[in-house]
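Presented below is the structure to which this report refers.
Keep in mind that what you see is a predicted model, and the values were worked out from it rather than measured.
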Amino acid sequence: MVPHTIGQAMSLSECQVQNRVTMAKRVREEAPQTWLAFMDGRIDAARVREISQTIDRLQREESIIRLDQRVVVYASTHTTAELRAWLRRFVVRVEGDLAAKRAEDERAKRSVDIVHGDEGMGVLLANLPSFALAAIGKRLEKEARALGKDDQRTMAQRKADLLAAWLTTNESGEAAVNADIAVS
């Protein structure tokens with residue numbers, strides 16, 4: 001009931017309120033110097049969110065303490081994007097021995113999801129290793145450009161159409177999707 005009331009007052013969803021409360025609690029309890037900097041106005045909520053997400057990734061208490069001792073100085077003098085990059089480097093630097101395990105855990109989460117939307121459209125979500133996504137992106141870009149300047153579709157449309165064609169045809173280029181339409 002409380003997240004709902006707060007959400008209504010702030011024009012946020014209950015989920016958004018719950019996420020902000022969780023983030024604040026994590027930083028307040030595990031990174032007191034960061035929390036004080038936020039309360040003093042030296043860092044904003046966007047930076048606190050990035051720091052909170054990093055605390056969640058760190059697996060050792062001493063790493064979190066070390067982060068709290070160093071992050072405020074950097075966060076208060078750099079952009080959120082620069083802070084995000086600094087935090088990624090920090091995790092690798094202080095818990096480099098766990099990087100392979102973290103990567104392995106993330107690879108285990110690979111998946112493909114399909115979300116059907118309105119107006120006959122939907123979204124294909126693929127959670128894949130970055131190297132595979134880079135290769136897919138490079139191939140899509142190359143093939144879409146090869147269609148030539150006479151093609152009236154946007155680059156995004158060309159790539160979407162190519163991906164759909166690749167996923168719905170077999171090795172010989174024949175349609176691998178059959179549609180049976182019945183009219184009653």
Side-chain angles (χ1 to χ4, degrees), residues 3-4 7-8 10-23 26 44-59 75 78-92 95-96 98-184:
H4 177 73
Q8 283 184 321
M10 296 179 67
S11 298
L12 299 171
S13 70
E14 286 181 57
C15 182
Q16 289 171 314
V17 171
Q18 198 60 45
N19 286 342
R20 289 180 183 197
V21 168
T22 300
M23 171 199 70
R26 180 183 299 126
D44 62 9
R47 288 169 178 80
V48 171
R49 182 187 63 241
E50 296 298 330
I51 295 165
S52 175
Q53 290 171 347
T54 302
I55 290 169
D56 195 40
R57 289 182 62 208
L58 293 169
Q59 296 181 16
H78 292 79
T79 67
T80 305
E82 291 169 333
L83 173 62
R84 192 177 304 119
W86 185 90
L87 290 167
R88 277 195 303 268
R89 291 189 307 270
F90 179 87
V91 170
V92 172
E95 292 187 350
L98 301 173
K101 168 109 174 68
R102 260 196 289 278
E104 183 180 316
D105 290 347
E106 287 301 309
R107 274 191 298 278
K109 296 177 189 175
R110 64 191 181 280
S111 62
V112 173
D113 295 303
I114 297 169
V115 180
H116 296 280
D118 297 331
E119 310 300 335
M121 294 296 286
V123 178
L124 173 69
L125 302 165
N127 188 15
L128 299 169
S130 290
F131 72 87
L133 290 172
I136 292 166
K138 187 175 181 179
R139 181 177 177 203
L140 278 169
E141 186 75 25
K142 179 181 175 188
E143 298 286 335
R145 288 198 186 286
L147 293 172
K149 295 183 189 220
D150 293 338
D151 193 315
Q152 298 299 308
R153 296 173 293 176
T154 66
M155 189 60 74
Q157 290 169 338
R158 291 181 198 185
K159 289 192 258 186
D161 294 345
L162 281 167
L163 182 63
W166 294 342
L167 294 175
T168 58
T169 56
N170 62 22
E171 297 79 26
S172 61
E174 299 167 345
V177 175
N178 297 321
D180 293 325
I181 301 171
V183 178
S184 57

Flag yes if more than 12 heavy atoms outside Ile114 fall under 6.0 Å of its CD1 atom; otherwise flag no.
-> no
Within 6.0 angstrom of Arg158 CZ, more than 12 heavy atoms from elsewhere = yes
Point-to-point distance, once rounded to the nearest 0.5 Å, from [atom1] of [X] to [atom2] of [Y]:
X: Lys159; Y: Leu147; atom1: NZ; atom2: CG; answer: 12.0 Å
X: Asp161; Y: Glu143; atom1: CG; atom2: CD; answer: 13.5 Å
X: Glu82; Y: Arg84; atom1: CD; atom2: CZ; answer: 11.0 Å

Using a 4.5 Å cut-off on heavy atoms from C-beta on, say whether the side chain of Asp44 contacts that of Arg47.
-> yes
For Leu124, the option from Val115, Asp113, Leu163 that meets side chain to side chain contact (heavy atoms under 4.5 Å, CB included) = Leu163
With a 4.0 Å cut-off on N to O distance, would you call [X] and [Y] a salt bridge?
X: Lys109; Y: Glu106; answer: yes
X: Glu141; Y: Arg145; answer: yes
X: Arg102; Y: Asp105; answer: no

For the pair Arg20 (side chain) and Val17 (backbone), establish whether a donor and an acceptor sit closer than 3.5 Å, ignoring hydrogens and angles.
-> no
Non-hydrogen atoms of [X] and [Y] that approach each other most closely:
X: Leu162; Y: Ala144; answer: CD1-N, 3.4 Å
X: Ala46; Y: Thr80; answer: CB-OG1, 4.1 Å
X: Leu133; Y: Ala126; answer: CD2-O, 4.4 Å

Could you pull out all donor-acceptor pairs under 3.5 Å where a side-chain atom in residues 51-59 meets a protein atom, sequence neighbours excluded?
from	atom 1	to	atom 2	distance (Å)
Ser52	OG	Arg26	NH1	2.6
Thr54	OG1	Glu50	O	3.0

